[in-house]
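Inspection log for the structure reproduced underneath, given as structure tokens.
Scope of the values below: all heavy atoms of this structure, side chains included, with no hydrogens, waters or symmetry mates. Everything numeric in this text was worked out from a predicted model, so none of it was measured.
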Amino acid sequence: MPDKFTALTPELHRYLVDHSPAAADPHLERLAEETAALGDIAIMQSAPEQAALMALLARAIGARRALEVGTFTGYTAIAVARALGSDGLLVACDVSEEWAAIARCHFAEAGLVERIDLRIAPALDTLAELRGGEPFDFAFIDADKQTYPEYWEAVVELTRPNGLIVIDNVLYGGEVLEARLVDDPGEMRPWDKGPGRRESLDGIITTNELVREDARVESVMLGIADGITIARCRGEDERS
């Protein structure tokens with residue numbers, strides 16, 4: 001069967017975003033502008049069409065409890081928290097007080113302070129603390145790439161049957177196809193603090209393979225933004 005694929009030009013991408021009404025949110029636009037003023041690090045913010053899709057998915061499954069691994073300035077946290085409804089809760093994980101300060105201001109402006117539990121600590125520590133509690137309906141992984149395999153394992157165990165997990169940056173700028181990389185610190189991506197591109201790319205590639213082979217989920221990888229994977233957690237009767 002021939003590939004059915006339309007290459008996105010900047011103009012087509014703009015058309016796509018303009019036709020995703022949920023992405024055209026005045027509050028999120030203000031947050032995006034403030035984040036853009038931070039400089040190159042703003043690349044860590046998720047694309048508006050991606051945030052719109054995540055909110056749509058959360059609403060579609062009636063999610064009330066959500067989990068976010070990597071919050072940055074709060075763009076996707078706001079989009080998802082709104083989709084949870086007034087009785088919902090998003091547990092958001094990050095390690096940066098600097099970015100958290102921006103996020104908290106916008107959570108308050110959006111009236112979501114009571115709906116978002118932002119925890120500043122290594123995400124694996126927070127995920128370990130959540131074990132044994134009420135499972136999550138929806139989860140998003142978008143933190144340090146070299147730790148993606150560990151995040152994946154922890155998040156699958158915390159997500160209910162038929163719950164959804166979204167993983168960001170699964171194409172890593174197209175570098176998942178590269179056989180070799182030159183670890184040039186001058187070419188490091190803004191989110192690669194400490195470990196180089198090789199460690200981050202290895203984390204992405206390893207996770208992509210883990211998800212594909214994981215009998216606990218069914219998944220699809222989509223060419224949205226820098227690539228996302230959406231996985232549905234199977235029930236026990238489906239894991240044979």
Side-chain angles (χ1 to χ4, degrees), residues 3 5-18 20 22-23 28-29 31-32 35-36 38-58 68-80 92-94 96 99 123 138-152 155 164-184 187-212 219-231:
D3 290 337
F5 173 73
T6 300
L8 281 182
T9 63
E11 293 78 16
L12 271 177
H13 178 258
R14 185 69 257 167
Y15 181 88
L16 180 154
V17 173
D18 288 344
S20 299
L28 289 179
E29 288 180 354
L31 174 54
T35 302
L38 298 173
D40 290 344
I41 197 71
I43 193 67
M44 289 172 58
Q45 181 182 280
S46 294
E49 67 271 24
Q50 178 180 335
L53 174 61
M54 289 168 55
L56 186 152
L57 291 172
E68 181 174 76
V69 181
T71 295
F72 191 40
T73 57
Y75 192 88
T76 52
I78 290 173
V80 171
C93 309
D94 211 286
S96 171
W99 312 137
F138 185 89
F140 180 44
I141 301 174
D142 184 22
D144 53 302
K145 313 310 172 193
Q146 66 273 16
T147 316
Y148 264 32
E150 289 84 356
Y151 293 149
W152 168 253
V155 169
L164 298 180
I165 303 170
V166 177
I167 309 172
D168 201 10
N169 302 115
V170 297
L171 298 181
Y172 202 64
E175 292 179 12
V176 289
L177 297 181
E178 295 291 332
R180 298 179 61 188
L181 285 174
V182 177
D183 287 319
D184 179 358
E187 296 181 5
M188 286 171 61
R189 293 170 180 271
W191 55 73
D192 290 330
K193 299 177 181 178
R197 293 164 62 208
R198 169 57 66 186
E199 287 84 352
S200 293
L201 178 61
D202 286 348
I204 292 287
I205 291 174
T206 297
T207 304
N208 290 345
E209 297 307 310
L210 285 173
V211 176
R212 183 172 67 169
S219 64
V220 60
M221 186 180 288
L222 300 174
I224 295 173
D226 191 29
I228 65 170
T229 289
I230 303 173

### Task
Mind checking the CG-CD1 spacing from Leu53 to Ile224? Nearest 0.5 Å is all I need.
5.0 Å
### Query
Considering only heavy atoms from C-beta outward, does the side chain of Thr207 approach that of Thr229 to under 4.5 Å?
no
### Task
Locate the shortest heavy-atom distance separating Ala225 from Ala47; write the atom from each residue and the value.
CB-CB, 3.9 Å
### Message
Can you confirm whether Thr35 sits close enough to Tyr75 that some side-chain heavy atom of one is under 4.5 Å from a side-chain heavy atom of the other?
### Response
no
### Task
Locate the shortest heavy-atom distance separating Thr206 from Pro149; write the atom from each residue and the value.
CG2-CG, 3.8 Å
### Query
If you measure from the Lys or Arg side-chain nitrogens to the Asp or Glu carboxylate oxygens, is any gap between Arg14 and Glu11 under 4.0 Å?
no
#### Entry: Side-chain heavy atoms of Asn169 within contact of Lys145, under 4.5 Å
yes
### Task
Check ring-ring contact (aromatic ring centres under 6.0 Å, His included) between Tyr151 and all other residues, then give those that pass, not counting sequence neighbours.
none
### Task
Please report the closest heavy-atom contact between Asp94 and Gly70, naming both atoms and the distance.
OD2-C, 3.8 Å
### Task
Would you check if the side chain of Asp226 reaches a backbone N or O of Gly173 as a donor-acceptor pair within less than 3.5 Å?
yes
### Summary
Heavy-atom nearest pair, Tyr172 first then Leu201, reads CD2-CD1, 3.9 Å
### Query
Does some side-chain heavy atom of Thr76 sit less than 4.5 Å from a side-chain heavy atom of Val166?
no
### Query
Any side-chain heavy-atom pair from Phe140 and Asp168 closer than 4.5 angstrom?
yes
### Query
To the nearest 0.5 Å, what is the distance between CD1 (Ile78) and CG (Leu31)?
5.0 Å
### Task
Grab the two heavy atoms, one from Val69 and one from Ala123, that are nearest each other, plus how far apart they are.
CG1-CB, 3.7 Å
#### Entry: Approximate separation, where rounding is to 0.5 Å, of Met44 CE and Ser96 OG
8.0 Å
### Task
Would you indicate whether the side-chain heavy atoms of His13 and Glu49 approach each other to under 4.5 Å?
yes
### Query
Considering only heavy atoms from C-beta outward, does the side chain of Trp99 approach that of Thr71 to under 4.5 Å?
no
### Query
Would you say the side-chain atoms of Asn208 pair up with the backbone N or O of Val170, donor to acceptor, closer than 3.5 Å?
yes
### Task
State whether the side chain of Asp144 and the backbone N or O of Gln146 hold a donor-acceptor pair below 3.5 Å, judged by distance alone.
no
### Summary
dist Leu57:CG -> Ile165:CD1 (nearest 0.5 Å) comes out at 12.5 Å
### Query
CE of Met54 to CD1 of Ile228: how many Å apart, nearest 0.5 Å?
8.0 Å
### Query
Between Thr147 and Glu150, is there a donor-acceptor pair closer than 3.5 Å when you use the side chain of the first and the backbone of the second?
no
## Note on the structure
Trp152 and Ala231 have their tightest heavy-atom pair at CH2-CB, 3.9 Å
### Message
What I'd like to find out is whether the side chain of Phe72 reaches to under 4.5 Å of the side chain of Asp142, using heavy atoms alone.
### Response
no
